[in-house]
> 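One structure is given below, represented as structure tokens, and several questions about it will come after.
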Amino acid sequence: MSDLKTGLSEAAAAAFAALGLPADNARVTPSDRPDLADFQSNGALAAAKRAGKNPREIAAAVAEKLQGDPRLASVEIAGPGFINLKVSDAALSQRADQIAADPRAGGELVPEPRKVLVDYGGPNVAKPMHVGHLRSSIIGEAIKRLYRFRGDVVIGDAHFGDWGYQMGLLIGAVCDEDEAVRAEVERLNAAADLPAEWMTSLEPEVFGKVSLADLDRLYPQAAAKGKEDPAYRDRARKLTAELQAKKPGAYLLWRQFAKVTRVALERDFHALGVDFDLWKGESDVDDLIPSMVAELADKGLLVEDAGARIVRVAREGDKRELPPLLVVSSEGSAMYGTTDLATILDRKNSFHPDQVIYCVDQRQADHFEIVFRAAYLAGYAQEGQLEHIGFGTMNGPDGKPFKTREGGVLKLNDLIQMTRDKARERLLEAGLGENLPEAEFEDIAGKVAVAALKFADLQNFRGTSYVFDLDRFTSFEGKTGPYLLYQAVRVKSLLRKAEGEGAVGGPVAVTEPAERDLVLTLDAFDAALVEAYDKKAPNAVAEHAYRLSQSFSKFYAACPILSAEPAVRASRLTLAQATLRQLEQALDILGIAVPDRM
RNA sequence: GCGCCCUUAGCUCAGUUGGAUAGAGCAUCCGCCUUCUAAGCGGACGGUCGCAGGUUCGAAUCCUGCAGGGCGCGCCA
């Protein structure tokens, strides 16, 4: 069951082929001139160029072949050789019935499902998530859901940054601040009589008082000190190496860091409706590193350089010299490129992904290019299987990465709370809330907040940066998440009313312009999914959801439903049902949930 | 210095891989609620697509140069 565009493309391709013309550019697309046609094919122009013929003649010949197609109400030539197609009401009605009957609301499956892993590019342990993590969560989640909906087997992995230098910095900083912690770390490091299962069984009581707030407070200080004080930095790097060598004191203190961080992360992700299949991190591949390093050495890829061990990844024809992958630091510790490489190896062994998508800030493009090249050299993945999906930053009104009024980084939790407060305010302004139970009102406010944040983000192409504007995002007017929820809720309300009156859906019979427009929009769902999938660009789905809402709203204004005569009412109810299902499906792919009323 | 990305309506952004008259939203102005949620719908206003060349029948889109902005460039992630 394919959409109209696909069916018409096939017909056009057949027509081109019958005329001895290449069929590959016969593609039919939605018309740029809705006043003239529903669909168009520009293939005659390209074919004429290749064959050195008159495009209008070719268009006329193709048009004649298409003329008899029962789906088409008219075939016309316009301009230099555009073929304009108008679909018959009957074909539109039939297509609407198909979509309405389809649990997938018109969205097709990929021909061959693949195994895809989405890497959310890790929030860091010991640092609360800030607005910078918002985009990778939102975009990664949308890509995961999109791929899954289209039939791929997808695993999402948070991939925490929990094993690097910042851990050494924090171990040092916490010990400096708390003598008891320091003593315990030293005692454990030196202890000779630990039980075999100490890594998982021991939870030293003194470590229990270290909170995320402590880490959050100490980290910026320690990072700053590490930058200016070489001795302090060296100690942190040594402590990092100790942690990675699993010295008990360092390791168990680190486990406390990971524990308190995880609680906060789960809270923030839950609030955003984001979840992971794997909560893995850099530390999980630590055991693989020694053998991986040995293997890289065996393969002759590892080179000594300035006390460190590196893999050179520069290639012939590079426009500039790409730095090498730093595998082992001069201190003997693993760098983030090391764990990233080991993670690729781990995923190859455990999941055999056809593709791994890294959903990480554009600024890390070079890093991933380096790691990917090393992975290809080492045979841990095939060229092209690893892909970095970069995105821009969320900026403040000044056009620079978003900061609080005080100039600090805004924590994700605070951002979510801010948005939720605003959502409540908006709902109350609109006179909602008095009639609703407290719990439902809170649920709605939460959904409105998430819709506002996610839709604002996802309506932009991921590669570009955007300006954060809470008032605009939470507005119920215009191209916003709350507007989409309102539209969906309005359909739900209509359908409830219909049900109360005993009105049921029936076969679609398209007659009105608003009905035509709505069905054409419904039909365009699959094309939006394909585009979003191929370009890893959820904004195509967001755009479709918005267009669908608009089409429905026009239909809703122009075509009375419940008061129409029975056959028309049944047809329009079917259209409303199909719209709701597709809209909810599109929003679900974006990670946006719709309340029942608002 | 080298490299990557960006520059489209007053503001925030899309732009179907080179096609017709470059689209939305906000803002401004004008209409439409005794009728299914007006948080809506219809209409108007608003553009040298950063600048200059080039390729092409045809360029916001491809190539070159320039200007402005952002980002990155091995022991942080």
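So you know, we letter chains A, B, ... as the sequences are listed, proteins then strands, and number each from 1.
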> Looking only at atom P, what distance separates B:rA67 and B:rC51, rounded to whole Å?
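Per the computed distance, 16 Å lies between those P atoms.
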> Using the side-chain heavy atoms of A:Asp32, tell me which of these nucleotides is nearest: B:rA20, B:rA39, B:rC41.
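The answer is B:rA20, which lies nearest to the side chain.
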> Looking only at side-chain atoms of A:Thr464, point me to the closest of B:rC13, B:rA20, B:rG40.
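Nearest nucleotide to the side chain: B:rC13.
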> Strictly under 3.5 Å: I want the nitrogen or oxygen pairs between protein and nucleotides 3-5 of chain B, one per line.
residue	atom	partner	partner atom	Å
B:rG3	O2'	A:Arg320	NE	3.1
B:rC4	OP1	A:Lys319	NZ	3.3

> Side chain of A:Lys497 only, please: which of B:rA77, B:rC36, B:rA20 is the nearest?
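Per side-chain heavy atoms of A:Lys497, the pick is B:rC36.
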> State, yes or no, whether a side-chain contact exists between A:Val448 and A:Phe476 at a heavy-atom distance under 4.5 Å.
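Yes; the side chains approach each other to less than 4.5 Å.
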> With no hydrogens and no angle check, just 3.5 Å: does a side-chain donor-acceptor pair link A:Thr6 and A:Asp3?
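A pair is found: one side chain offers a donor N or O, the other an acceptor, under 3.5 Å apart.
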> Looking at B:rA77, B:rC36, B:rG74, which one has an atom nearest to any side-chain atom of A:Pro323?
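The answer is B:rG74, which lies nearest to the side chain.
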> Describe the nucleic acid contact of A:Gln550 in one word from base, sugar-phosphate, nothing, applying a heavy-atom distance below 4.0 Å.
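It contacts sugar-phosphate atoms only.
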> List, with names and distances, any nitrogen or oxygen atoms from the protein found under 3.5 Å away from nitrogen or oxygen atoms belonging to nucleotides 65-70 of chain B.
none

> Have a look at A:Ala365 and say if it touches a base, only the backbone sugar-phosphate, or nothing, with a 4.0 Å heavy-atom cut-off.
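No contact.
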> Within the 3.5 Å criterion, strictly below it, is a donor on A:Asp340 or A:His367 matched to an acceptor on the partner's side chain?
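Indeed, the side chains of A:Asp340 and A:His367 share at least one donor-acceptor pair under 3.5 Å.
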> What's the base orientation of B:rC33: syn (chi within 90° of 0) or anti?
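Syn, since the glycosidic angle lies within 90° of 0.
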> Looking only at atom P, what distance separates B:rU48 and B:rU34, rounded to whole Å?
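Going atom to atom, P in each nucleotide, I get 43 Å.
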> Could you state the atom-to-atom distance from OH of A:Tyr466 to P of B:rU8 in whole Å?
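For the pair A:Tyr466 OH and B:rU8 P, the rounded distance is 19 Å.
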> Just wondering, do A:Phe82 and B:rA20 stack (centres under 5.5 Å, planes under 30°)?
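Yes.
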> Using the P atom as the point on both nucleotides, what is the distance between B:rA60 and B:rG50, in whole Å?
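That atom pair is separated by 10 Å.
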> Paired stems touching RNA chain B, three or more consecutive Watson-Crick or G-U pairs with both distances under 3.5 Å?
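The stems that RNA chain B takes part in, listed by first number, are B:1-7 with B:67-73, B:10-13 with B:23-26, B:28-32 with B:40-44, B:50-54 with B:62-66.
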